[in-house]
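Excluded from the calculations below are hydrogen atoms, water molecules and symmetry mates; all remaining heavy atoms, backbone and side chain alike, are included.
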There are 2 protein chains.
Amino acid sequence: MAKESRRVAILEAASSIVSEKGIFNLTLEAVAKEAGISKGGLLYHFPSKEALVQGMVEHLAHNYRSKIARNVEDDPLDRGKWTRAFLNVTFNQGYPNKDMHAGLLAAKAVNPKLMLPLYQAYEEWQTNIENDGLDPIDATIIRLATDGIWLAELLELYNIDDQKKKAVYKRLHEWIQDLYLDAEKKKKEEN
Amino acid sequence: MAKESRRVAILEAASSIVSEKGIFNLTLEAVAKEAGISKGGLLYHFPSKEALVQGMVEHLAHNYRSKIARNVEDDPLDRGKWTRAFLNVTFNQGYPNKDMHAGLLAAKAVNPKLMLPLYQAYEEWQTNIENDGLDPIDATIIRLATDGIWLAELLELYNIDDQKKKAVYKRLHEWIQDLYLDAEKKKKEEN
DNA sequence: GTTACTATACTATCTGGACGGTATAGAATT
DNA sequence: AATTCTATACCGTCCAGATAGTATAGTAAC
């Protein structure tokens, strides 16, 4: 198999184990078995467990980051584009394999420093959301609520049924539109 | 030492280890050392690691639950009391030892079923918040944003500085007041 | 165009250390 | 006398990482 696709397959196997069986079952042997290769083969791609987890986080961060960047680029409107992108990607364009989020849990458990790529991504998004041309506190609240959803799902802290989730999304989306109109109105008044 | 306070001291020691050194360093020996007792003494109070983690979650859930219940009781207003209590406890009355939240991480890692007490607490709060006499979707968004704050802190996913955090709290609090007035107005119009 | 060599991508196996849990004997506290 | 421990030793299991060997593909010298 080609190197890159094998790497991704391994990362997905590892994420699936963390997500379904917990971090204590993330052993190199288990990952190798899940990915359909030998333990040695796994160590060829990722020379240590830490390297494997690092790969998981980097993959996750890169995926999320590029999706949000894409949304920002494609947005016909400037004002509010980061807030909209963050909301839209989190609710509607999450990693097809939901398990991928488990990379965060793995990093937190194995070595918190490995979370750096995600941490940096969040710093970037937060800065952009605060300078998105909308009220920065309201925009931050929208981001926090969005995080609340996916973090609670990651930890399986509670179930929010799909209908309610959609209603929340709709309301947040409308709120962004209101903030947009407020800001535009204010701008006109200033001129 | 009295049995109950020894138990709590052990739970705090365990939480502190998870919070500062990660779940892989939560060994029975390490907890005993941190709590200043022997391994045998620890096993006297908690006959297994799973029992220890169960104790951590139950303690956390009980603490949170009783604080929210207290806030609800003390609230002079009926409408919105659960939403206010949830917001206020999470922002201003968290466990004095912040580490206690780590019980959630420990349970997620050791055995997700141990999260049941917290899961049930959340179900109760969500039900109450939806029937709090405010717009249920807006109230849910307030809860989600609140969760976003403490979950991100738990995972150390990003830093939100204290000033911004206070501004967010203030805005959420004002929002609840607006929702209160909206609901009261609507009620009067109906009569 | 076959032989020799090299790099890549693995497999199979072993080892050393750590950890959970058990056991036991006894000491201090209440 | 019962409870609440301390101290220590031990067993079985598990796992990360190391090591050595294998398969395959390409490359290049002759």
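For S38(B), counting side-chain heavy atoms from C-beta on, the closest listed nucleotide (dG17(D), dT11(C), dA7(D)) is dA7(D). Comparing dG21(C), dG17(D), dA7(D) by their closest approach to the side chain of K49(B) singles out dG21(C).
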side-chain hydrogen bond (donor to acceptor under 3.5 Å, both in side chains) between Q93(A) and N71(A), worked out
CA-CA 10 Å; Q93(A) 299 171 37; N71(A) 271 254; 3.0 Å; yes
For nucleotides 22-28 of chain C, which of its nitrogen or oxygen atoms have a protein nitrogen or oxygen under 3.5 Å away, and what is each distance?
none

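Residue F46(A) contributes atom CZ, which lies 20 Å from atom P of dC15(D) at whole-angstrom precision. Atoms CG (L28(A)) and C1' (dA18(D)) sit 12 Å apart, rounded to a whole Å. We find that CD1 of I37(A) is positioned 12 Å from P of dA12(C), with the value rounded to whole Å. Note: NZ (K33(B)) to P (dA7(D)) measures 14 Å, nearest angstrom.
Between the side chains of N159(A) and Y122(B), no donor N or O sits under 3.5 Å from an acceptor N or O.
The side chain of Y44(A) places no N or O atom within less than 4.0 Å of a non-bridging phosphate oxygen (OP1 or OP2) of dC10(C). Between H45(A) and the phosphate of dC10(C), there is a side-chain N or O to OP1/OP2 separation shorter than 4.0 Å. An OP1 or OP2 oxygen of dT4(D) is reached within less than 4.0 angstrom by no side-chain nitrogen or oxygen of R6(B).
Between Y180(A) and W175(A), the distance from one ring center to the other does not fall under 6.0 angstrom.
Summarising the local packing, CD of Q163(A) is surrounded by 12 or fewer heavy atoms from other residues, nucleotides or ligands at distances under 6.0 Å.
Ion pair K165(A)/E153(A) flagged as a salt bridge, since at least one NZ, NE, NH1 or NH2 atom sits closer than 4.0 Å to an Asp/Glu carboxylate oxygen. A salt bridge does not link K81(B) to E73(B): none of the charged side-chain nitrogens sits closer than 4.0 Å to a carboxylate oxygen.
Comparing L42(B) and E29(B) along DNA chain D, the residue whose closest nucleotide (by nearest heavy atom) sits nearer the 5' end is L42(B).
L52(A) comes within 4.0 angstrom of no nucleic acid atom, judged by non-hydrogen atoms across all strands. Across all strands, T27(B) comes closer than 4.0 Å only to sugar-phosphate atoms, never to a base (heavy-atom distances).
T90(B) contributes a side-chain N or O that, together with a main-chain N or O of F86(B), makes up a donor-acceptor pair within less than 3.5 Å.
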